[in-house]
Amino acid sequence: MKNQEIARIFYQIADFLDIQGVAFRPNAYRRGARIIEELQEDVAKIKQRGELTGIQGIGKNLANKIGEYLKTGEIGLHNRLKREVPPGLLDIISVPGLGPKTAGYLYKEKGISSLEELEKAAKERRLRQMKGFGQKTEENVLKGIEMLKRMKGRILLGEALPIAQEIIEEIESKCKVERICVAGSVRRMKEAIGDIDILVVSEDPGKTMDVFSSISGVQDVIVKGRTKTSVYLKDGLQADLRVVDLDSYGAALQYFTGSKDHNIHLRKIAQKMGYKVNEYGLFEGERKIAGETEKELYETLEMTYIEPELREDNGEIEASQKGKLPNLVRLEDIKGDLHVHTNWSDGTESIEDLAKIAQGMGYEYIAVADHSKSLKVAGGLDEDELMLQVKEIRKINKRIKGFKILAGIEVDILGNGELDLDDSALKEMDVVVGAIHSKFSMSEKEMTERVLEAIRNENLDILAHPTGRLIGRRNPYEADIDKIMRESADTKTALEINCFPDRLDLNGPNAKRAKQMGAKISLGTDTHAASNLYFMKFGVGMARRGWLESKDVLNTWSAKEILDYLK
DNA sequence: GCCGTTTTCGGCCCGACTGTTTTCAGTCG
């Protein structure tokens, strides 16, 4: 599917147009890019149905451009812009502090058209002689280029959330704050995030800023003002701290949580109602009429509170206006983990130790799902070993009170769609989780058939990490995900949200689609060591981003209910 | 380039911070 490629080209067109000084069109392309990027369905299919222009933000022109790309593999406007504007300028505007205007000036007036030339000019102290530049800007350019080299793209939610929590703890330990909360894409539980935003209410903003800009992880301070400080952390990740007054806390939290599209949509609604929204509150003329809490803000705009994970402008605002938002599943609703590994294959904990830790977390059950024999590197079990493990599990279950270990297996789905273990062995299991770990590069047709074949096996209960993507490292394999979801619903095979930070597969939009198709979702941490059990919160984040309620998620059910459903 | 419960034309979210300026443009989120 070509969605990501088209989105990338639209982003580039937007940047090129920006550099040329064109107004408004860049944002139209950028918005289109964001929409296409988030689509879970193949744009080619939407195009076939003639429904492209039905998507908010995609008009006749963008739809034609998409069609052009699908037909020819390129977009004429993009090619023309590449000839008119040196592509190296796109790198230049990615340097923090430099934007399209500056890039255009550097190229037109000074002939600088690549990051290398820019770095050279800065090092030779030629930049500071140029109009609008000074010594400080030149230094910042060099720092920015350094950071760009160090930091490649976004980082995983699983890495960002702990960093954010550490920052919050360090601030709290060193100065008195009345409120402190992570905002931005981390709060929305986006699977990959670009920077960390933290919001604070403090009686002594100056002191808080000082503490923040000197905490242990800080490499460099980018900006430091009265209400906003931005720093680079040592790994090149940017963190922003904002200080607001208590009576603006809700408005600020709403504003800095985003997403951008959600906020723009919200502001337009406010505007139509004769209000103005900013990070300080909701205003009617000069008078502030809401802002202390997010709930108050949304309700004043005649909608119900919208959970952060939903704020992507994907219909949540309309649903909220009609009072039709889902009652999202919560971490507290989770009664067990349906995918963990033990030292019988490549996990580090014993079955019993893992069970006890899980029970300590308040769970009622776990499903042990070690690897099967064809995954030799992971010490996969064959039929005999598996039967021994089942016996062992039954024995432990008799010893433990108020907790159940489900005997499961993560069985490999072989290239032809058959499962890696005999049906006679699989029949003995409480839960059979199936997964693809080999031959990722089949054609879409072959891969779809392979997965469908596996799902049709009556022993298969859960399809693990259904798309196979690894965030930032491996694309989903080519497969018709709609067909797979439909078949899963028909055969009562659950689809997994794998909670491992670099998988988070299904992601939010896919989970939403799965629900629409009637499939149930199973959360599995894919735990290989006890600390991995806590990845559950990331999986719940994806479920919430997928609009799932507790009834949609197996893990909120009792063990008996799960076994009854999967039977 | 997109959009429409005032509009098919004329708008397009809004404020903080910086550097280099004598009052602000550019960038960022």
Side-chain angles (χ1 to χ4, degrees), chain A residues 10 13-15 17-19 21-35 52-66 75 77 92-106 127-141 143-144 183-186 188 193-199 205 209 221-231 238-244 248 251-252 254-283 302 313 318 321:
Chain A
F10 279 6
I13 290 176
D15 286 343
L17 291 172
D18 253 340
I19 292 170
V22 176
F24 301 112
R25 282 173 65 203
N27 279 336
Y29 276 99
R30 215 162 266 134
R31 178 154 183 237
R34 276 201 300 273
I35 291 164
L52 274 177
T53 51
I55 303 171
Q56 270 292 315
I58 309 284
K60 213 171 123 205
N61 208 301
L62 289 189
N64 284 340
K65 297 275 191 300
I66 293 170
I75 293 175
L77 171 66
I92 289 180
I93 60 175
S94 67
V95 176
L98 299 190
K101 292 281 191 301
T102 315
Y105 163 77
L106 286 172
L127 276 188
R128 63 179 70 180
Q129 301 148 14
M130 300 177 190
K131 192 174 62 125
F133 282 80
Q135 185 183 337
K136 199 76 194 250
T137 308
E138 192 176 78
E139 286 166 11
N140 284 340
V141 164
K143 267 188 211 166
S185 49
V186 177
R188 301 202 313 279
I193 64 109
D195 63 3
I196 291 176
D197 293 293
I198 292 172
L199 187 67
M209 293 299 190
V221 178
I222 307 167
V223 299
K224 190 172 170 192
R226 206 172 47 82
T227 68
K228 170 185 163 174
T229 294
S230 296
V231 300
Q238 186 176 328
D240 299 339
L241 183 85
R242 328 269 179 151
V243 180
V244 296
S248 298
Q254 196 289 317
Y255 179 73
F256 293 121
T257 296
S259 68
K260 194 186 179 73
D261 288 338
H262 176 91
N263 285 358
I264 289 174
H265 194 161
L266 213 61
R267 283 176 182 213
K268 283 183 180 163
I269 287 171
Q271 215 175 35
K272 268 186 203 142
M273 295 172 72
Y275 301 141
K276 186 181 74 167
V277 184
N278 58 28
E279 56 263 56
Y280 300 108
L282 176 60
F283 295 86
E302 293 175 5
D313 199 21
E318 293 82 354
Q321 286 172 321

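This is a predicted model, so every value here is computed, not measured. Numbers restart at 1 for each chain; the letters A, B, ... are given by sequence-line order, proteins then strands.
Here the P atom of nucleotide B/dT6 and the CD1 atom of A/I269 are 13 Å apart, to the nearest Å. At whole-Å resolution of the value, CD1 in A/I35 and P in B/dC2 are 10 Å apart. As rounded to whole Å, 10 Å separates atom C1' of B/dG1 from atom CG of A/L17. Spacing between atom CD of A/Q254 and atom P of B/dG29 amounts to 18 Å, rounded to whole angstrom units. Atom CD in A/E318 sits about 11 Å away from atom P in B/dG4, given to the nearest Å. Across the protein-nucleic acid pair, A/F283 atom CZ and B/dG15 atom C1' stand 12 Å apart, rounded to whole Å. Regarding A/Y29, its OH atom lies at a distance of 7 Å from the P atom of B/dC2, rounded to whole Å. Rounded to whole angstrom, the span from the CG atom of A/D261 across to the C1' atom of B/dC3 amounts to 15 Å.
Between A/Q238 and A/D240, the side chains place a donor N or O and an acceptor N or O closer than 3.5 Å (distance only, hydrogens not considered). Looking only at atom types and distance, the side chain of A/D313 has a donor-acceptor partner in the side chain of A/H265 under 3.5 Å away. Inspection of the A/K60 and A/N64 side chains reveals no N or O donor paired with an N or O acceptor under 3.5 Å.
Base contact: A/Y255 has a heavy atom under 4.0 Å from a base atom. Residue contacts shown for A/R242 are limited to sugar-phosphate atoms, with no base heavy atom under 4.0 Å away. Here A/P26 lies out of heavy-atom contact (under 4.0 Å) with every strand. Heavy atoms of A/K272 sit nowhere under 4.0 angstrom from any nucleic acid atom. Among the atoms of the strands shown, none is found under 4.0 Å from any heavy atom of A/N27. Within the nucleic acid shown, A/V95 comes within 4.0 Å of sugar-phosphate atoms alone, with no base atom in reach, counting heavy atoms only. As judged by a 4.0 angstrom heavy-atom cut-off over every strand, A/L77 is placed among residues making no nucleic acid contact. Among the heavy atoms of the strands lying under 4.0 Å from A/I58 are primed sugar atoms or P, OP1, OP2 only; no base atom is included. Counting non-hydrogen atoms under 4.0 angstrom, A/S230 reaches nothing in the nucleic acid. Within the 4.0 angstrom heavy-atom criterion, only backbone atoms of the sugar-phosphate kind lie near A/Q135; the bases stay farther away.
For A/K136, counting side-chain heavy atoms from C-beta on, the closest listed nucleotide (B/dT20, B/dT27, B/dT18) is B/dT20. Taking the side chain of A/Y280 as heavy atoms from C-beta on, and the options B/dC17, B/dG15, B/dG29, the nearest nucleotide is B/dG15. Here B/dC3 is the nucleotide among B/dC12, B/dC3, B/dA16 with the atom lying nearest to any side-chain atom of A/Q56. Comparing atom distances between the A/N61 side chain and each of B/dC2, B/dG29, B/dT18 picks out B/dC2 as nearest. Of the listed nucleotides (B/dT18, B/dT27, B/dG29), B/dT18 has the atom at the smallest distance from the side chain of A/K224. If you check B/dG15, B/dC17, B/dG19 against the side chain of A/V223, the one that comes closest is B/dC17.
Spacing between B/dG10 and B/dG15 at atom P, rounded to whole Å, works out to 26 Å. Spacing between B/dA16 and B/dG11 at atom C1', rounded to whole Å, works out to 25 Å. Comparing the C1' positions of B/dC14 and B/dC9 gives an interatomic distance of 24 Å, to the nearest angstrom. When the P atom is used for both B/dC12 and B/dT18, the distance is 28 Å, rounded to whole Å. Rounded to a whole angstrom, the distance from the C1' atom of B/dT6 to that of B/dG1 is 23 Å. Taking atom P on both nucleotides, B/dC3 is separated from B/dC13 by 14 Å, rounded to a whole Å. Here the separation of B/dT20 from B/dT27, taken at their P atoms, is 14 Å to the nearest Å. Nucleotides B/dG26 and B/dT21 place their C1' atoms 13 Å apart, quoted to the nearest Å.
Rounded to the nearest 0.5 Å, atoms NZ (A/K228) and CG (A/D197) are 9.0 Å apart. The structure places CZ of A/R30 at 9.0 Å from CG of A/L17, a figure rounded to the nearest 0.5 Å.
Shortest non-hydrogen contact noted between A/P205 and A/R226 is CB-O, 4.3 Å. Between A/I66 and A/L52, the shortest heavy-atom contact is CG2-CD1, 3.9 Å. Residue A/A251 comes nearest to A/Y280 through the heavy atom pair CB-C, 3.7 Å, listed as atom of the first residue, atom of the second, then distance.
Take the nearest nucleotide of DNA chain B for A/G225 and for A/I264: the residue whose nucleotide is more 5' is A/I264. Residue-to-nucleotide proximity on DNA chain B shows that, of A/P96 and A/L62, the 5′-proximal contact is made by A/L62.
Remark: A/R25 is in phosphate contact with B/dG1, judged by side-chain N or O atoms under 4.0 Å from OP1 or OP2. A sub-4.0 Å separation between OP1 or OP2 of B/dA25 and a side-chain N or O of A/Y105 is absent. Taking side-chain N and O atoms only, A/K60 has no distance below 4.0 Å to OP1 or OP2 of B/dC3. Taking side-chain N and O atoms only, A/K101 has no distance below 4.0 Å to OP1 or OP2 of B/dG26. Neither OP1 nor OP2 of B/dC14 sits under 4.0 Å from any side-chain N or O of A/N278.
For B/dT8, there is no paired base (Watson-Crick or G-U wobble, both distances below 3.5 Å).
Between A/Y105 and A/F133, the ring planes lie parallel to each other; the angle is under 30°, not in the 30° to 60° tilted range.
Between A/F24 and B/dC2, no base-stacking contact is recorded for ring centres under 5.5 Å apart and planes less than 30° from parallel.
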